[in-house]
Amino acid sequence: EKAAPASFARRDKLLEIQKKAQKRWADEKVFEEDAPADPNAEVPKHFVTFPYPYMNGMLHLGHTFSLSKTEFSMGYERLKGKKTLWPFGFHCTGMPIQAAADNLRRDIVNMYSMLNDAPAEETEKVEETKEDAADVSVADPTKFVSKKSKVQAKKGKGSQWHTLESMDIPREEVPKFVDPVHWLNYFPPIAKADLIEMGVKVDWRRSFITTQVNPYYDSFIQWQFHKLRKLEKVSFGKRYSVYSPCDNQICADHDRASGEGVGPQEYVLIKMEVLTLPACLAHLSDHKVFLLAATLRPETMYGQTNCWVLPHEKDGSDAWYLVHRSATPGELVITGERAAQNMAFQNLTPAFGKVEEVCRVRGRDLLGLPIKAPLTPLTPIYTLPMLTISMKKGTGVVTSVPSDAPDDYIALQDLKKKPALREKYGIKDEWVLPFEIIPIIEIPYRKEDAPADSPATPTDVAAVVACEEFKVASQNDKEKLALAKAKTYKLGFYEGKMTVGDYKGESVQEAKNKVKASMVSQGLAYIYAEPEKEVMSRSGNECVVALTDQWYIKYGEPAWRSQVEAHLRDVNMYSADTRSKFDLALGWLGEWGCSRSFGLGTLLPWDKQFVIESLSDSTVYMAFYTVCHLLQQGPFDGSVPGEANVPASELTEEFWDHVMLDGPAPKNSRIILDRASAGMSD
């Protein structure tokens, strides 16, 4: 017996009621709020903003989840009788839209290449004639008209073309998206329609898009940066930044496909001179050749007993190193390929952005090399195998300080105690057995199970003591090693005291930077940086760290930070967790690169070769909501002047000073200042 067909009458009735209610809201403009006629009137009010969403596609479920909280807040406060205001903008600044448009352009080029290269039996008849097809070029991709062929179908998921089609964008419309500005015109109206259907209580008069496409918002951001520069909050210089080699510019969070929040990690590259080259590198005998080991602890270089390299990958395949030219004439260095790529963008190679590869060498062929390392009293020391090295972190070359690094201590002990292990990798006894630990740092050590009132015991071989405490038997005891490493590194940095070298008697914290500066000045080391973790740009390439000229905002300036910290103390955060996140952000936020070479946005007003990046034009945009409805109306791009009937060209610095900072009224202006100023009391 067949089940009765499902009834949607109740659902349809609810949707009907919803549409009627939303139409009434729109007709009566119930969510449009203006400032009180009397600016001194005590009117209960509630103002909310939502981080304006990025318009490289449709809004998604994550937006809905976050919006629901703001929506509930607005409804609740309206029921309490408050004047409520919720403006809503759309963010378009930065590289994501530009990168997506460029990717689509490449997709279209590839489509034509595949069609032209495919065998006749693999393609279906295309609508346009050969003459029409010949006229189609990348410069005018909107002429692309064809039926979907088997060749096109093979593009599969992941292409920009496929992504746009998955949003139900008609196929004939897709080629228009090679123009980045088309995204700005296409997606914001759809987002608004979706939000209205959701029922959000937004004053849509106060809505806009960013970038110089909107001359009013563009003027506001230019004013903001003029103010920052006059207050000496913006400077210019070389800084380490995560960088996209494909885009040839800095890759900020909004520009990334993965790796949001990842920043540069600075290392010191220790130059370890190879005293005798292996047979496979004998042809380089007329050069000085150095292994470059990346370290975070330059002060421990006094305790080096050996150097580690990776003989093979985990699957047994060869681990490969690059021999390439450094920026020093006549000097060759050996690193992993990823490190070489990062070095190329930090003035550590002969030409910016280029690795001059001489040859490649297997890790197993680098074992047993006699090397001269800086600061250690031992010469030579030797290269030995370590299987836990990652070629995706540092240079793939690791210096060994067994007195203070549990990993180094246990790895060295394994080689000393296991003749079979030495034999497996061809390691001679004289490369390992004579080398003993060199004490260099004294720390107060207290075991985890010691009574709380027991005194700490001084030790100058912390790695040995920690491995004994946590019962680390071999390199395979990874969890125990992690505990030993965390404890020794923490004690060493915060409580350690140097017992050798030029800075004997000084704390590790004091000596660290002094040792680094000394080694660099003597040509014994380089400063180097790489992303903390893998970062992929939206253009599809792995990012590096580059040392580039850029404008940056000095958020870490002590006086400025103190002002913000004092302000935060007076702000109701509603939860301790929220406050702790603000405090954490203030702790790490320092110099912030605010300029990019290209992309969508506002040009830096005093240096128009740069574009203001997407997070830097998003710090005070909430203030723009107060006057947005007076300056523009209708389309989000500011193409139609608002009630004030003022062209954007007349919005001078004096105007914004008057409106935003209560400065004097600009002279010889026909702007309706009283209306604009009134907006500030919204």
Side-chain angles (χ1 to χ4, degrees), residues 238-240 263-272 290-308 335 339 342-343 346 348 372-378 381 393-395 397-409 437-445 456 458-466 482 484-532 545 547 556 558 587-591:
K238 288 187 180 295
R239 295 293 184 275
Y240 287 117
Q265 172 67 65
E266 185 178 297
Y267 292 87
V268 178
L269 294 188
I270 307 301
K271 296 174 63 175
M272 313 177 85
F290 295 86
L291 288 164
L292 296 184
T295 182
L296 297 171
R297 306 188 65 192
E299 75 284 358
T300 66
M301 294 304 98
Y302 295 102
Q304 296 175 89
T305 60
N306 61 279
C307 170
W308 304 112
T335 68
N342 278 273
M343 289 176 64
Q346 298 170 34
L348 296 177
K372 180 181 179 181
L375 302 188
T376 179
L378 304 176
I381 59 176
K393 193 174 185 68
T395 62
V397 179
V398 180
T399 188
S400 175
V401 183
S403 60
D404 290 83
D407 287 329
D408 297 339
Y409 171 69
I437 292 174
I438 304 172
I440 57 172
I441 296 172
E442 182 178 275
I443 65 172
Y445 195 97
T459 179
D460 56 9
V461 285
V464 179
V465 176
K485 182 177 179 178
K487 184 168 184 176
T488 55
Y489 281 21
K490 181 179 179 181
L491 287 173
F493 182 73
Y494 289 106
E495 301 183 50
K497 181 181 293 186
M498 302 298 298
T499 61
V500 297
D502 295 339
Y503 308 102
K504 180 179 179 180
E506 295 189 19
S507 70
V508 166
Q509 292 187 63
E510 294 173 328
K512 186 184 187 78
N513 288 329
K514 292 180 180 179
V515 174
K516 176 173 71 174
S518 174
M519 292 178 69
V520 171
S521 66
Q522 295 179 62
L524 303 175
Y526 299 119
I527 303 299
Y528 162 84
E530 67 183 29
E532 297 164 315
V545 165
L547 188 61
W588 63 258
L589 188 59
E591 295 174 343

Q | Passing option when Y528 is tested against V545, T335, N342 for side chain to side chain contact (heavy atoms under 4.5 Å, CB included) | A | N342
(Q) With a 3.5 Å distance limit and no angle check, can you tell me whether T499 reaches the backbone of I440 through a side-chain donor-acceptor pair? (A) yes
Q) Of all heavy-atom pairs between I437 and P439, which one has the smallest distance, and what is that distance? A) O-CD, 3.5 Å
**Q.** K504 to Y302 six-membered ring, cation-pi geometry met (6.0 Å, 45°)
**A.** no
(Q) Applying side-chain contact (heavy atoms from CB on, under 4.5 Å) to L292 and V397, what does each step give before you reach the verdict? (A) CA-CA 6 Å; L292 296 184; V397 179; 6.0 Å; no
Q. So, do T488 and D404 sit near enough that their side-chain heavy atoms are less than 4.5 Å apart?
A. no
Q) Side chains of T295 and M301: does their closest heavy-atom pair fall under 4.5 Å? A) yes
Q. From L291 CG over to K372 NZ, what is the distance, rounded to the nearest 0.5 angstrom?
A. 15.0 Å
Q | Point-to-point distance, once rounded to the nearest 0.5 Å, from OG of S403 to CD1 of I441 | A | 7.0 Å
Q: Kindly determine whether K497 and E442 satisfy salt bridge (charged side-chain N to carboxylate O under 4.0 Å, His left out), including the steps that lead there.
A: CA-CA 5 Å; K497 181 181 293 186; E442 182 178 275; over 6 Å; no
Q | Heavy-atom side-chain contact between D408 and W308 under 4.5 Å | A | yes
Q) Between atom CD of Q509 and atom CZ of F493, what is the distance when rounded to the nearest 0.5 Å? A) 4.0 Å
**Q.** Test item: E530 side-chain N/O and G394 main-chain N/O as donor-acceptor pair under 3.5 Å
**A.** yes
(Q) How close do Q265 and L296 get, counting heavy atoms only, and between which atoms? (A) NE2-CD2, 3.3 Å
Q | Heavy-atom closest pair, residues P402 and A463 | A | O-CB, 3.2 Å
Q: Taking all heavy atoms of Y526 and all of V520, pick out the closest pair and write down the distance.
A: C-CG2, 4.5 Å
Q: Under the side-chain contact (heavy atoms from CB on, under 4.5 Å) rule, what do Y240 and Q346 come out as? Steps first, then yes or no, please.
A: CA-CA 8 Å; Y240 287 117; Q346 298 170 34; 3.6 Å; yes
Q) Hey, does V515 have a side-chain heavy atom less than 4.5 Å from the side chain of V268? A) no
Q.
Do M272 and I381 make a side-chain contact, defined as non-hydrogen atoms from C-beta onward lying under 4.5 Å apart?
A. yes
Q: Any chance you could lay out the side-chain contact (heavy atoms from CB on, under 4.5 Å) test for K516 and I527, step after step, and finish with the verdict?
A: CA-CA 9 Å; K516 176 173 71 174; I527 303 299; 3.6 Å; yes
Q) Do I438 and L378 touch side chain to side chain, with heavy atoms closer than 4.5 Å? A) yes
Q: Would you confirm whether K485, through its side chain, and D407, through its main-chain N or O, come within 3.5 Å as a donor-acceptor pair?
A: no
Q.
Check whether T376 reaches the backbone of A373 with its side chain - one donor and one acceptor, N or O, closer than 3.5 Å.
A. no
Q. From M498 CE over to S507 OG, what is the distance, rounded to the nearest 0.5 angstrom?
A. 10.0 Å
Q: Indicate yes or no: at least one non-hydrogen side-chain atom of E299 is less than 4.5 angstrom from one of Y503.
A: no
Q: Return yes if a side-chain donor-acceptor contact under 3.5 Å exists between T399 and Q304, otherwise no.
A: yes
Q.
To check you understand the geometry: which heavy-atom pair defines the closest contact between P298 and L375, and what is its length?
A. O-CD1, 4.5 Å
**Q.** Nearest atoms (heavy-atom pairs only) where P374 meets I270
**A.** CG-CG2, 3.5 Å
